[in-house]
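Report on the following structure.
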There are 2 protein chains.
Amino acid sequence: MDAAEAVEVIQHEMTAFARRARASAGRMHPELSLVSYTLLGHLEESGGCRATDLAAHYALDKSTVSRQVSALERAGLVGRHPDPDDHRVQTLQLTDAGREILAQVTRSRRVAFRERLADWPEEDLTRFAAYLERYNAGTAAD
Amino acid sequence: MDAAEAVEVIQHEMTAFARRARASAGRMHPELSLVSYTLLGHLEESGGCRATDLAAHYALDKSTVSRQVSALERAGLVGRHPDPDDHRVQTLQLTDAGREILAQVTRSRRVAFRERLADWPEEDLTRFAAYLERYNAGTAAD
DNA sequence: CGGGTCAAGTTGTACTGTGCAACCAGGTGA
DNA sequence: TCACCTGGTTGCACAGTACAACTTGACCCG
């Protein structure tokens, strides 16, 4: 396989993967869409941020984020904390329930991934992980 | 990085990638959605098949495929050819216009991929490609 | 200070992709 | 023949998304 072929394969496989990801995510975790999962994850990592930050980070419209956040709030998974300095701003934070669900989904995702990767030698795993990081780093939004 | 960490990273990066793929695909090729592109691609590869085959292959509902195909037909990109042996069946085939558009999108996707992967050494490209193939092979539907 | 402008977020509207269920039409086998 | 199977379409509902208009609050400059 030369470089040109490899690029073809990478393109093909990434496309195939992308097409499937949403559907399988929906099937595996009906309680949390891929977007919700991502937003919750970001809140956990960042320790709380504004809706606008989420929109910018994931290249989503602010209205989309607004609605997603509303849903997550209705579900009791995130809380809004008005910023005392700037009354336009509300900081979003995971609730305990949100943290719990997130952990649960992460756990089950992890199990699925581990299973799928069970027969990979460690060396291949680390190399594959590094490649993915490198590949994704070449994109604007995380 | 040990195996457990690598699995975490792979999970994280694949999730990130999946989340972004649709949006960027939509932005890059407004003339052809990711699904349409995939279906067209399959028709090209297979040299024509039935709607049911597409549904099975991509784990989509037959109604979804039916609508997508209708749209592609309206756009003049695929043609339906009734099966003379079984009047329930219609074989779908790319039209010349469909082949043209598909080639065009494939070309521009390829350029984008090449660009993103331009500074990768050939050895890394081929290894990454192999890993992706291996990873995706572990799933039911292509 | 006051008015213009900018920023955060919400809401109305529309569109796409999707699945499920009901249905139709054509084939198949007991 | 009649019951059942199969390929496909259509009606309906819903999620996720964007865009545009709007509200509210902050900020800056004259």
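- A/L102 and A/L40 make their closest contact through CD2-O, 3.7 Å (heavy atoms, listed as atom of the first residue, atom of the second, distance).
- Between the CG atom of B/L54 and the C1' atom of D/dG7 there is a distance of 13 Å, given to the nearest Å.
- If you take CD of A/Q90 and C1' of C/dA7, they are 13 Å apart, rounded to a whole angstrom.
- In this structure, of C/dG17, D/dG8, C/dA8, it is D/dG8 that holds the atom nearest to the side chain of B/R50.
- When the P atom of C/dG9 is taken as reference, atom NE2 of A/H81 falls 14 Å away, rounded to whole Å.
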Report, one pair per line, the protein and nucleotides 28-30 of chain C atoms (nitrogen or oxygen only) whose separation is under 3.5 Å.
none

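- Between C/dA7 and A/T52, no contact under 4.0 Å exists linking OP1 or OP2 to a side-chain N or O.
- You'll find the side chain of A/F128 reaches within 4.5 Å of the side chain of B/L132, heavy atoms only.
- Ion pairing of A/D124 with B/R127 is absent here, as no side-chain N (NZ or NE/NH1/NH2) approaches a carboxylate O to less than 4.0 Å.
- Summarising the geometry, the separation between CZ on B/R80 and P on D/dG7 is reported as 15 Å, rounded to the nearest angstrom.
- Taking atom CG on B/L39 and atom C1' on C/dT16, their separation rounds to 14 Å, with Å as the unit.
- A distance-only check finds a donor-acceptor pair linking the side chain of A/T38 to the backbone of A/L34 [under 3.5 Å].
- A donor-acceptor pair is defined here as one N or O able to donate and one able to accept, closer than 3.5 Å; no such pair exists between the side chain of A/E73 and the backbone of A/R80.
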Would A/S63 and A/S66 satisfy side-chain hydrogen bond (donor to acceptor under 3.5 Å, both in side chains), going step by step from the backbone distance to the final call?
-> CA-CA 5 Å; A/S63 67; A/S66 173; over 6 Å; no

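- Nucleotides of DNA chain D nearest to A/D85 and A/S36 differ in position, and the one nearer the 5' end is that of A/S36.
- Residues from residues 60-74 of chain B with heavy atoms under 4.0 angstrom of DNA chain C, sorted by number: B/L60, B/D61, B/S63, B/T64, B/R67, B/Q68.
- Listed by chain and number, the residues in a salt bridge (charged side-chain N to carboxylate O under 4.0 Å, His left out) with B/D86 are B/R88 (sequence neighbours excluded).
- If you check every strand for non-hydrogen atoms under 4.0 Å, B/D53 touches nothing.
- Side-chain atoms of B/L43 and B/L39, non-hydrogen and from C-beta on, never get closer than 4.5 Å to each other.
- Contact annotation: the side chain of A/H57 approaches that of A/H42 to within less than 4.5 Å [non-hydrogen atoms, C-beta and beyond].
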